[in-house]
Student: 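Just passing along the structure, written as structure tokens.
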2 protein chains.
Amino acid sequence: MGNSIKEAEKYCKENDLKFTPVRRKVLEILLQKNKALGAYEILDLLREAGFKNQPPVAYRALDFLVKNGFAHKIEQLNSFVGCMHPGKDHSPAFMICRNCDFVSEEEAINPSFSVSKIASKAGFKVEKAVIEARGLCHSCASSA
Amino acid sequence: MGNSIKEAEKYCKENDLKFTPVRRKVLEILLQKNKALGAYEILDLLREAGFKNQPPVAYRALDFLVKNGFAHKIEQLNSFVGCMHPGKDHSPAFMICRNCDFVSEEEAINPSFSVSKIASKAGFKVEKAVIEARGLCHSCASSA
DNA sequence: TCCTCCATGATATAACATAACATCTAGGCA
DNA sequence: TGCCTAGATGTTATGTTATATCATGGAGGA
């Protein structure tokens with residue numbers, strides 16, 4: 001995880017992006033918690049860490065992180081997760097456990113390829129594919 | 001489209017579900033508009049049609065329609081569309097045009113199969129897969 | 001009849017997100 | 001150095017989406 005922070009730092013340096021304290025802190029929070037967090041939860045944690053806590057503070061940092069591939073938004077939960085393989089060009093698919101809310105990120109090359117095929121039949125040009133599965137994670141499924 | 005309404009009616013009769021006036025009206029609205037509508041837009045249209053217009057009115061009807069497969073929620077837009085092939089057991093994938101906001105529903109058997117494969121590697125049991133592509137529809141792409 | 005289940009009515013509020021404008025700060029360059 | 005610019009942050013206000021809660025109504029079964 002300190003790893004992901006370092007990668008983000010490096011990427012920003014190389015691409016002339018500002019990895020400011022609040023952006024770094026939000027990414028640290030996401031990576032530490034290792035679960036999907038809402039913007040307002042993040043905001044609370046920022047406040048605890050001494051940052052300002054108006055909503056735009058969190059949303060701006062999250063926009064930055066998402067735009068640059070350091071975090072992802074989970075649309076079904078209106079929440080955010082740190083990216084597990086930043087830097088790499090990737091097509092993530094998320095597995096969201098309906099019981100414990102744990103979110104795991106998997107690489108979704110095949111599904112997104114299939115989506116593109118379907119799309120091109122329909123004359124649609126895909127720029128981004130959101131793939132989110134809901135269900136039960138291994139540990140919740142086995143303890144059920 | 002009158003067709004989809006009839007199918008919904010039939011399905012409800014067979015499954016002992018109440019296809020009440022407000023539920024029917026919301027489905028009619030979705031099918032007529034043939035685009036993604038937010039709950040509050042639907043609420044306005046309900047009011048125009050003489051229904052009550054507190055938020056729960058729309059959300060309850062939408063919950064019913066989504067739960068029974070007559071409509072879908074588009075997570076990226078926080079909005080709703082009528083289902084294009086109700087009744088059939090299906091895995092929809094949505095193509096959302098970022099220019100005109102038009103949403104088309106395609107059948108996503110392959111992508112959702114690939115998602116399940118990835119999931120099972122991860123020990124995850126998929127109950128529902130959300131697949132939404134963002135990009136340009138044919139007509140917007142060609143006029144660009 | 002009366003009871004139960006579900007739908008609807010109604011009020012309030014929670015949760016999520018952005019608009020708009022002011023201020024600050026680092027870095028380029030005259 | 002001193003100015004200028006671009007982007008980041010501060011701040012206030014508000015817009016948008018969604019749900020909790022409790023009261024009321026109405027169809028159908030025992």
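Proteins get letters first, then strands, A, B, ... in listed order; numbering begins at 1 in each.
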Student: Does the dG9(C) base have a donor-acceptor partner in the side chain of Arg60(B) within less than 3.5 Å?
Tutor: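 By the distance-only test, yes, there is a pair.
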Student: Under the side chain to side chain donor-acceptor pair (under 3.5 Å) criterion, do Gln76(A) and Glu75(B) qualify, and how do the steps go?
Tutor: CA-CA 6 Å; Gln76(A) 290 185 74; Glu75(B) 298 288 347; 5.8 Å; no
Student: Looking at Gln32(B) and Ile29(B), would you say the former's side chain and the latter's main chain have a donor-acceptor pair under 3.5 Å?
Tutor: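 Checked: no pair found.
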Student: So, is Lys52(A) close to the dT11(D) phosphate, meaning a side-chain N or O under 4.0 Å from OP1 or OP2?
Tutor: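 Result: yes.
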Student: Among the nucleotides dT11(C), dT17(D), dA17(C), which one has an atom lying closest to any side-chain atom of Gln54(B)?
Tutor: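 Looking only at side-chain atoms, Gln54(B) lies closest to dT11(C).
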Student: What's the CG-P distance between Leu43(B) and dA10(C), to the nearest Å?
Tutor: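 Going from CG in Leu43(B) over to P in dA10(C) covers 13 Å.
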Student: Starting from the 5' end of DNA chain D, give me the residue, Gly38(B) or Asp16(A), whose nearest nucleotide shows up first.
Tutor: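 Between the two, 5'-proximity favours Asp16(A).
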Student: Once the angle between the rings of Phe70(B) and Phe64(B) is folded into 0 to 90°, is it parallel (under 30°), tilted (30 to 60°) or perpendicular (over 60°)?
Tutor: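 Aromatic pair Phe70(B)/Phe64(B) classed tilted.
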Student: Think Lys73(A) has a side-chain N or O under 4.0 angstrom from the OP1 or OP2 of dC16(C)?
Tutor: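 Looking at the OP1 and OP2 atoms of dC16(C), neither is under 4.0 Å from any side-chain N or O of Lys73(A).
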Student: Would you mind reading off the distance between Lys67(B) atom NZ and dA7(C) atom C1', rounded to a whole angstrom?
Tutor: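 From Lys67(B) NZ to dA7(C) C1': 12 Å.
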Student: So if I take every side-chain heavy atom of Val57(B) and compare against dT11(C), dA18(D), dG9(C), which nucleotide ends up nearest?
Tutor: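 Nearest to the side chain of Val57(B) among the choices is dG9(C).
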Student: For the pair made of CG in Asn53(B) and C1' in dA12(C), what is the distance, rounded to whole Å?
Tutor: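 From Asn53(B) CG to dA12(C) C1': 15 Å.
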Student: Please confirm whether any donor atom in the side chain of Tyr59(A) sits under 3.5 Å from an acceptor in the base of dA19(C), or the reverse.
Tutor: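 For Tyr59(A), whose side chain was compared with the base of dA19(C), there is no donor-acceptor pair (under 3.5 Å).
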Student: Within a radius of less than 6.0 Å around CZ of Phe113(A), do more than 12 heavy atoms belonging to other residues, nucleotides or ligands occur?
Tutor: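 Not more than 12 within 6.0 Å, no.
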Student: Whole-Å distance between dC16(C) P and Ile42(A) CD1?
Tutor: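 The answer, rounded to whole Å, is 11 Å.
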Student: Kindly state whether the pair Tyr40(B) / dT16(D) counts as stacked, where counting means centroids closer than 5.5 Å and planes tilted less than 30° apart.
Tutor: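 Not stacked by the 5.5 Å and 30° rule.
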Student: Return the 5'-most residue of the pair Val22(B), Leu77(A) with respect to DNA chain C, ranking by each residue's nearest nucleotide.
Tutor: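 That would be Val22(B).
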Student: I want to confirm an ordering. Mapping Lys18(B) and Asp63(B) to their closest nucleotides on DNA chain D, which one lands closer to the 5' end?
Tutor: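 Result: Asp63(B).
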Student: Considering only dA10(C), dA7(C), dA17(C), which nucleotide approaches the side chain of Phe80(A) most closely?
Tutor: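 The answer is dA17(C).
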Student: Could you tell me how far apart Leu37(A) (CG) and dC16(C) (P) are, to the nearest whole angstrom?
Tutor: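 Between P of dC16(C) and CG of Leu37(A): 11 Å.
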Student: Report the distance from atom CG of Leu17(B) to atom P of dC5(C), rounded to the nearest whole Å.
Tutor: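 In whole Å, dC5(C) P and Leu17(B) CG are 17 Å from each other.
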Student: Return the value, rounded to whole Å, for the distance between atom CZ of Phe51(A) and atom P of dG10(D).
Tutor: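 One finds 9 Å between P of dG10(D) and CZ of Phe51(A), rounded.
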Student: Output the rounded distance in Å from CZ (Arg23(A)) to C1' (dT25(C)).
Tutor: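 Answer to the nearest Å: 13 Å.
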Student: Would you call the rings of His72(A) and His90(A) parallel, tilted or perpendicular, where under 30° means parallel and over 60° means perpendicular?
Tutor: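 Ring orientation of His72(A) relative to His90(A): perpendicular.
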Student: Report yes if a side-chain nitrogen or oxygen of Asn78(B) is closer than 4.0 Å to either non-bridging phosphate oxygen (OP1 or OP2) of dC16(C); otherwise report no.
Tutor: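 So the side-chain polar atoms of Asn78(B) never come under 4.0 Å of the phosphate oxygens OP1 or OP2 of dC16(C).
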